[in-house]
Amino acid sequence: MSGQNHRLANSGSIDRSAPLKFQFDGQQYEGYKGDTLASALLANGVHLVGRSFKYHRPRGIMSAGSEEPNALIQLGDGNRTDPNLRATRIELRDGLVAASQNRWPCLKFDVGSVNNLLHRFFPAGFYYKTFMWPASWWLKYEHWIRRAAGLGKAPQGRDPDRYEKTHRHCDVLIVGGGPAGLAAALAAGRTGARVILVDEGTLLGGSLWSDLDCTIDGAPGLDWVRATVAELQAMPEVTLLIRTTATGYYDHNYLTLLERITDHLGTAPDHLPRQRLWKIRAKRVVLAAGAIERPLVFANNDRPGIMLASAARTYMNRFAVTPGRRVLVLTNNDDAYRTALAMHAQGVRIAGLVDLRAQPKGPLVAAAAAAGIAVHPGQAVVATRGALRVSSVEIMKLTADGAGVTGSARKIECDAVAMSGGWTPTVHMFSQSGGKLRWSEDVSAFVPDLSVQAETSVGSCNGAVSLVKCLKQGLKAGIEAARATGYKGRVTAAPNVGEPPQSDRRDLWVVPGKKPLGHAGKHFVDFQNDVTAADVHLAAREGYQSIEHLKRYTTMGMGTDQGKTSNINALAIMGEVLGANVPGADVSRVGHTTFRPPYTPATIGAYAGRNIGAFFDPVRTTAMDFWHREAGAKFEHVGQWMRAWYYPKPGESLRQAVDREVKAARDGVGILDATTLGKIDIQGPDAAEFLNRVYTNVWLKLAPGRARYGLMLKEDGMVMDDGVTARLSENRFHMTTTTGGAAGVLDWLEEWRQTEWPDLKVYITSVTEQWAVASICGPDCRTLLAELCPDIDLANDAFPFMSVREGTVAGIAARVFRISFTGELSFEINVPRRHGLALWQAMMEAGEKYDICPYGTEAMHVLRAEKGFIIVGQETDGTVTPSDLCMDWIVSKTKVDFVGKRALARRDIVSADRKRLVGLLTEDPNEVLPEGAQIVEAVQPEPPMAMIGHVTSSYYSPSCGRSIAMALVKGGPTRIGETLSIPLAGKTIRAVVTEPRFFDLDGERANG
Amino acid sequence: MYRQLRQPGSSNREWAMNTPVNSGGNSGMRGLRGGKQRYSILSLARNALSHHENWQRAWRAPELKPAYDVVIVGAGGHGLATAYYLASRHGIRNIAVIDKGWLGGGNTGRNTTIIRSNYLWDESAAIYEHSMKLWEGLSQELNFNTMFSQRGVLTLAHSEHELREMTRRVEAIRLNGIDSDVLNPAQIKQTVPIIDTDPRLRYPVMGGFIQRRGGTARHDAVAWGYARAADDMGVDIIQNCAVTGFLIQDGVVKGVETEKGTVRAGKVACVVAGHAGVVADMAGFRLPITSRPLQALVSEPIKPILDVVIMSNAVHMYVSQSDKGEIVLGAGADAYNGYTQRGSLTVPEGMLAAAVELFPVFSRLQMLRSWGGIVDTCPDASPVISKTPVSNLYFNCGWGTGGFKATPGSGHVFADLIARDAPNKIAAPFTLDRFSGGYLIDEHGAAGVAH
Amino acid sequence: MVEKVGPTPPGLDPTPLDRVIGPIGGPAEAGVVLSERRHWGKLVLRGEPDDKKFITGATKALGVAPPSKPNTAATIQSTAIIWTAPNEWLVVSEPGTEAALESALESALAGTHHAITNVSDHSTIIRLSGTAARAVLAKGCAIDLHPRVFGVGQSAQTNLAKAQVIFRQFDEMPSYDILVRASFAPYLWAWLTDAGLEFGVRVEG
Amino acid sequence: MLLIDCPWCGPRDDEEFHYGGEAHILRPRDAAALSDEAFADYLFMQQNPKGPHLERWSHNHGCRRWFNMLRNTATNEILEIYPMGEKPKTEAGQAAYAANWRRETAAEKNALSGEGS
Ligand SMILES: Cc1cc2nc3c(=O)[nH]c(=O)nc-3n(C[C@H](O)[C@H](O)[C@H](O)COP(=O)(O)OP(=O)(O)OC[C@H]3O[C@@H](n4cnc5c(N)ncnc54)[C@H](O)[C@@H]3O)c2cc1C
Ligand SMILES: NC(=O)c1ccc[n+]([C@@H]2O[C@H](COP(=O)([O-])OP(=O)(O)OC[C@H]3O[C@@H](n4cnc5c(N)ncnc54)[C@H](O)[C@@H]3O)[C@@H](O)[C@H]2O)c1
Ligand SMILES: Cc1cc2nc3c(=O)[nH]c(=O)nc-3n(C[C@H](O)[C@H](O)[C@H](O)COP(=O)(O)O)c2cc1C
Ligand SMILES: [Zn+2]
């Protein structure tokens, strides 16, 4: 294969010594190191690279940067495939495999292009007007719409690559490594400030890589770039990041940068992430993001081979590729002359230079004439031809006002068109920062106006057109930013610059065609989403005149390019339409759609970073976890904790295991890992007063050594947490909270202490993990404990129920609480975490003769339910008061105040009609109600049915030999004795309302 | 005073489900009733022949008149629907809907479009199901394709606790007569092949329930459809005109001050979502509402891979794929008040990690755009549809993170409240007096993410 | 059936990381060196900084004044007193010394409003050292660790990945001692190892 | 992502903080005497301005201290940070404070009542 037939013999900064092979749509090609996929395809004469979103029109490469709307590629295959990548941003590497998208069966012949034939029926927003009949068919229509939409394909499996994130702080962050950004970095870097400079490209220097006609201090601009980069690289506090896009600008100078680390390497070394998201907090930001050239909106301006003039120049000068052999240039400004001249100098034939301006003048125009280029001033391209690539254009003379064309058309053969409609400053990051834009007549685009964050825009993103201005602004902003962050330095004079001058532009937002707009050919505005100038007119006609309505109605600017090349054209056209109809309306009043992160599409995996898989959410385990695991426990997640759920013996079901565990706890001795309960050390002379205010019951008189159960309410009176708190000494308490509530309660206590009661002398410290806790219960537990605990008298009167003692257990210093969540005689043994496993093992060993049985959270739930003890989060859901739980006994009537008190007296809270806690006994004792099941008074043949409550807890109770349940039911205790129904899908269960207590009603067992 | 007494003890149940959708007359109406050009495949073809140059405006750009029977503040979906139902169901047509920006530009234009009615509490189920029934004929009624797509909303459970809460909700939904199917992990995998159902996940998919009648709609189209149909009946939609104050005499509202001058009105109805607090402040009272950023984002468009809407509370994310092909993702609101329509990066970071955790194939897709809205949340995550301390001034707000789905129902019952100066049975539980009485309709306790 | 003790070095009490750390060793030129500091004593000391009696008492018992400057740690021999809040310090001392220190503090502070809580087991210490230590922390920690801003003697309470930590820098290497709750330690260890991947990780005993 | 200057620890990302809603809400001293409406006002009716907002934050992943802050909710600009129990000092802060309909801090309240604890 002849191969790179559009590669120029010399020039360019590609590495000709490193040829690379790659594949596009199954065909083999060759390019060089330093190429992008786009430049390599062009080098091989390939322009047709994709099909448009809606009409499936053939499309070619339009730009040389990240603004590319057309050349969207499916890269790679298998689990490493990436949809929708821009060919202009893909660095060529050996063995690269790329494919076009959104076409079937192939790019050259795409069935979807019937849409183009039927285009008349598909104006903007057509789907809002149809597909409504019959109503039930929408899902069918939609199925096909969905299949037709979308662009590339998602991979089918897990991403084999890793992504990382990092934080970084700096004094000055500079976005953009063109001349303006480099100048800023140089000025700031020389002061010693911490500088980060990012550029999304692979080379620093920005447009200087294509604008070879510029000199700095008498030498080629690129010499200055090389020297500057070398100086910056030598500065220890300067970080230069290439292949890195500034994606987001958030509040308080927080920016995200997405660095592509391994994509260009082909195969990535294992230790490196594919991409890294940098999260930067910058003291000052300098935005030097450059400008993007605008296409011209003329009839059928979308054929492959039609590209931006600056892109053509970039392909020539940087990649040594010519987009064609006979190139037509179409422009409304001087800049495209540079492209024409550069091509001409390389021996590329300029088929003509069509200039929309009636009388272009100036040195560039003169140079073109001198070079023998045929300049056609005051002319317009009115039509283009060529099925899969442009083959000719027709030009006609523009009327004086530019609104129409006159005379006869002239055909010019060409195989590429380079167009220039002016430049749009890249204000994305500025606008994301919250900065306000202003319409500039100088550049016919929006430029930064009011900054709201510590940021400065410089260079062509700030509306500067000349290189010298870009350098000056950069140097000034760099030094000012460094000074503002405390460094010293002087503004250095800008170097001497040699550059072609620029004269006036002529904005013709729609280049007139031979027929009225929309009657012949399509004037594309948004190339990716197939939005035409006629669509903009249609939207205006139908009342979608706000720029935001225009966007949403036509999808203008909503593609993967976010309208980088189209927004200004679209809103200017809208401005013109409105200007004609509404007095005073013009472009600046139309405004711009909102700029949002990311600047260019950014890999989702990078934003997830390592916070997936094992790092998605920490799993917390107790000191005894290893033992539970070895014992074959099944686990349950409670908050972030892993708790032993039950310990099945071989062949046992959940129910069998739990029955056994419950029985053991009631009849012998059971042991539970209760470590996860929250624990808080509360100290100070006002500790008791403090508790008195946060709990509903009274605390002042609790004697040291004694413990009490407490209920905490939110200020709205709803139950928030519960637990036992013990008074260790006059001024010291040990509070326990629920497992899930631990962090919240600690914060809650601090909040009240610091904000409402700053005068209380109390210190609060979390000790949740200081202690490992083994809770033992059952008739034999006292004897067992006595064996291991020589120094505490465990007798009922020496160590009564609801008290705490300190001593040693199995030789370990311990805090022992005599409290019970099972209703049995029970001790909770707290030891420092390091001894948790040893304590557990000692208990198991000593308990062997009592058939000690470890029980998990499920058995714990059954045990407490048999006793009617509530669980916050199960019997409660944030809407339940103590009275709803029939726990009025714990709410002090005498205390003047506690958190939540007043709320309990509100009229709907004291209503007799509230749902309150009851027990439920199913008619069939073996029937276990599903937790969450809804209760009705009367079953109807069909829903709807009036619900009066729901089952909060439900188990088979081995101790009662039947099922038991707790429920919140309207009227609660007033219904005791009534039979209610629980209609489930398929059957209805009937149950009798009882007290919510099922076992050991007189509470004797806790005494052993 | 603004207490509309709801009898304590009166059951909200019996009436809830069967209130006819078209109460107020004109039931069974279809299409437009004013002089507007109808949309259809035929009109599309006809217009194609004239190069689409003869399409009429979807809505006029009228001058603000000095007085209206009803002024509605806020041209979001809810405000426009209110105007539409006032005009179509109550015959009140001398209405202005005034918006400070472009119509539909508030949360209506920036939400993740999830529609469902499978709420826990009866009161919520009633209003969202009322809404669902209206959705089911909405495109035809408005003669505007809102692309209401009943592709199903699947809510996942990832722990024993969530399974229990799921049962509670599923049973309540079922007994309220609303559709709901429980799915096991295998069935979930079948429905959503790209989901990771590995039981070793940190938050394994343990089950879920699907409301098949739930789904999505094209959010902008909803605003436009209502706007066009309301305009068709003579409603004036005034854009780019902020309401800056109220005319109040002896506790009765007489009109509003706007950027374009004073407008007198018999009644004023505010439907300003995130700005409810600000607007109530102008009228001299406060609402139990905080306004916070809520963020969402979309990926680049890709060929279909996700046909149902997925919601997951534990990993904190919800996701669907739009007809254009983007993956649409959302999560919870930011933690602090704000009107910036942007939030902290932490939230998107969290939702994207959650998304990749559940859907590993998302990792290599690219985020295209992320944005925020201003959501108005009540302490109980339920809305306010109510009279206020000022007579003839009504508020509809507090829909927070989940009011898009309620658009038709909310507008429908609000119109009724305005027309009759009294809430109907569906609206009654949502009056302001619940905050003093304490009968809140707490939808975050058990129902999880409120979308 | 159950192994009596875990892979805890004989004669020592288990730590939260004993079963997590895995084999000791790694490349000599690793940019990241990790180890666990076993069972160092940790006391939370509370008292009002403007209470002269408290400050003198604490200074006497500790041998050095508890730092009043936020984000710093005072050290005396191997003991570090880390500022954690305006009326709160964390005293980290050699394993086994905490009980004596606690009673010394108690007696020196008698009569003042203060609180001492032994939290030696509440958290453990992961020592992170090496040329890439700063870069590893930066992957999960949002505060500025540049040597111009954060140097030897400084400390911070902040988030590291998804764990809450207190860390202090104690040499120019840089090296950090990171205090993390016991139950988050396995997560954090795994996270640090993962974050160190690109620099090479060596684990020390 | 806000950068909040903790009065103790210095500037930190908002992730480390807990937002505590409106500042200076007066907790009723004699709540029993309040009507349900007045109590609801205390409980639920928070200021929700678009503009300067006096609010409470706690540095709960750092030093766990609460403090007050004046932040413009329309721009996220942080205008002032001042200790719990004190009033704002900036002009904007004082204006916001004056606009609040229940402006009293706990300390002020205690001073008013003349009691200690
Ligand atoms: C990111 C995000 C995702 C969401 N996802 C879902 C979802 O999946 N499902 C769901 O059901 N809901 C969702 N919601 C919530 C839903 O969007 C809203 O509840 C709903 O759209 C509110 O509609 P609205 O008409 O009341 O308000 P808006 O659409 O916000 O309209 C209020 C209007 O009032 C105007 N206004 C304000 N102040 C003034 C003034 N002074 N004068 C004149 N006009 C004024 C505004 O300009 C605005 O146009 C989401 C919200 C967000 C932000
Ligand atoms: N009218 C005009 O604006 C115009 C026309 C033609 C040539 N020029 C010339 O172009 C040059 C402009 O210099 P300059 O420095 O302002 O711009 P530049 O275009 O040279 O450099 C901007 C750089 O910013 C990078 N960038 C943009 N957004 C980014 C992001 N979000 N993240 C990372 N990198 C990003 C780009 O990759 C580019 O390298 C001057 O020489 C000027 O004369 C200007
Ligand atoms: C369901 C849905 C789908 C969207 N799809 C796209 C899209 O394909 N392309 C795009 O640019 N934005 C898309 N957006 C985002 C909007 O462009 C816009 O960001 C959002 O409506 C908020 O408005 P704002 O960014 O102008 O404030 C979508 C938004 C929603 C709600
Ligand atoms: Zn702090």
Side-chain angles (χ1 to χ4, degrees), chain A residues 82-84 120-121 123 128-132 135 142 145-146 149-155 158-159 250 518-519 538 541-543 546 548 552 560 596-597 601-605 607-608 611-612 616-617 636-637 877-879 906-909 911 913 930-934 943-947 950, chain B residues 8-9 11 13 17 39 41 44 48 51-52 55 57-59 102 105 139-140 144-145 149 159-160 164 167-168 171-172 174-177 202 220-221 300-305 323-325 345 348-349 352-353 356-357 360-371 437-439 442 445-446:
Chain A
D82 298 294
N84 305 346
R120 275 200 171 187
F121 301 99
Y128 302 124
K129 297 182 172 126
T130 183
F131 300 129
M132 285 182 271
E142 197 184 27
I145 293 173
R146 285 168 82 83
L151 287 168
K153 295 195 182 97
R158 192 175 288 275
D159 188 346
Y250 301 85
H519 289 228
L538 174 67
R541 189 175 304 129
E542 293 195 277
S546 148
E548 297 288 356
R552 288 160 170 80
T560 66
R596 294 285 193 182
T603 316
I604 283 176
Y607 283 76
N611 291 338
I612 52 171
F616 183 64
D617 191 22
E636 163 178 50
H637 283 288
D877 59 7
T879 69
R906 291 175 297 163
R907 60 179 175 274
D908 289 339
I909 302 300
S911 150
D913 193 41
E931 286 174 349
Q934 298 286 340
M945 291 178 228
M947 289 165 266
H950 76 281
Chain B
S11 164
R13 281 295 303 92
M17 288 305 127
Y39 292 157
I41 188 86
L44 198 62
H51 303 282
H52 301 288
W55 286 109
R57 294 183 67 114
W59 48 79
W102 40 285
S139 295
Q140 289 69 29
F144 201 100
N145 192 350
S149 170
S159 66
E160 291 295 324
R164 182 161 59 231
T167 309
R168 179 177 174 196
E171 291 301 325
R174 198 173 52 80
L175 292 180
N176 269 327
R202 176 67 178 84
D220 294 322
E300 291 184 340
I302 44 156
K303 294 289 173 199
I305 52 170
D323 284 352
K324 245 184 88 206
L345 177 69
E349 278 183 293
L352 290 173
V356 175
E357 182 73 1
V361 304
F362 287 179
S363 175
R364 289 184 97 85
L365 303 184
Q366 310 215 66
M367 162 163 63
L368 173 60
R369 188 173 171 101
S370 68
W371 66 92
Y439 189 92
D442 195 329

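Only the side chain of B:E160 comes within less than 4.5 Å of a heavy atom of chain A; its backbone N, CA, C and O stay farther away. Using a 4.5 Å cut-off between heavy atoms, B:D323 contacts chain A through both its backbone and its side chain. If you measure heavy-atom distances from A:H519 to chain B, the contacts under 4.5 Å come from both the backbone and the side chain. Heavy atoms closer than 4.5 Å to chain B are found in both the backbone and the side chain of A:I909. Using a 4.5 Å cut-off between heavy atoms, B:L365 touches chain A through backbone and side chain atoms alike. Both the backbone and the side chain of A:T603 come within contact range of chain B, each with at least one heavy atom under 4.5 Å from a heavy atom of that chain. Only the side chain of A:E636 comes within less than 4.5 Å of a heavy atom of chain B; its backbone N, CA, C and O stay farther away.
Heavy-atom pairs under 4.5 Å with chain B were tallied for A:A154, A:A933, A:P597, A:G605; the largest tally goes to A:P597. Of the listed residues (A:L538, A:N611, A:N84, A:I145), the greatest number of heavy-atom pairs within a distance under 4.5 Å of chain B belongs to A:N84. Highest contact tally toward chain A, considering only B:A172, B:A58, B:P304, is held by B:A172 [criterion: heavy-atom pairs under 4.5 Å]. Options B:A48, B:A221, B:S159 differ in how many heavy-atom pairs under 4.5 Å they form with chain A, and the most are formed by B:A48. Your options are B:K324, B:M367, B:E171, and the one with the most heavy-atom pairs under 4.5 Å with chain A is B:M367. Comparing B:P360, B:S370, B:G325 by how many heavy-atom pairs each has under 4.5 Å with chain A, the most go to B:S370.
Proximity of a side-chain donor or acceptor of B:R174 to a complementary backbone N or O of A:P943 within less than 3.5 Å is not detected. Between the side chain of B:N145 and the main chain of B:S139, no donor-acceptor pair closer than 3.5 Å is present.
Remark: the A:H637 side chain and the B:R202 side chain contain an N/O donor-acceptor pair separated by less than 3.5 Å. Side-chain atoms of A:S911 and A:D913 form no donor-acceptor pair, as typed in the model, at a separation below 3.5 Å.
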Test log, rule side-chain contact (heavy atoms from CB on, under 4.5 Å), inputs A:T560 and B:Q366: CA-CA 9 Å; A:T560 66; B:Q366 310 215 66; over 6 Å; no

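When the side chain to side chain donor-acceptor pair (under 3.5 Å) test is applied to A:Y250, no partner is found at least two apart in sequence or on another chain. Listed by chain and number, the residues in a salt bridge (Lys or Arg N to Asp or Glu O under 4.0 Å) with A:R906 amount to none (sequence neighbours excluded).
The number of heavy-atom neighbours closer than 6.0 Å to NZ of A:K153, taken from other residues, nucleotides and ligands shown, is 12 or below.
Residues B:L368 and B:E300 approach most closely at CB-N, 3.8 Å, considering heavy atoms.
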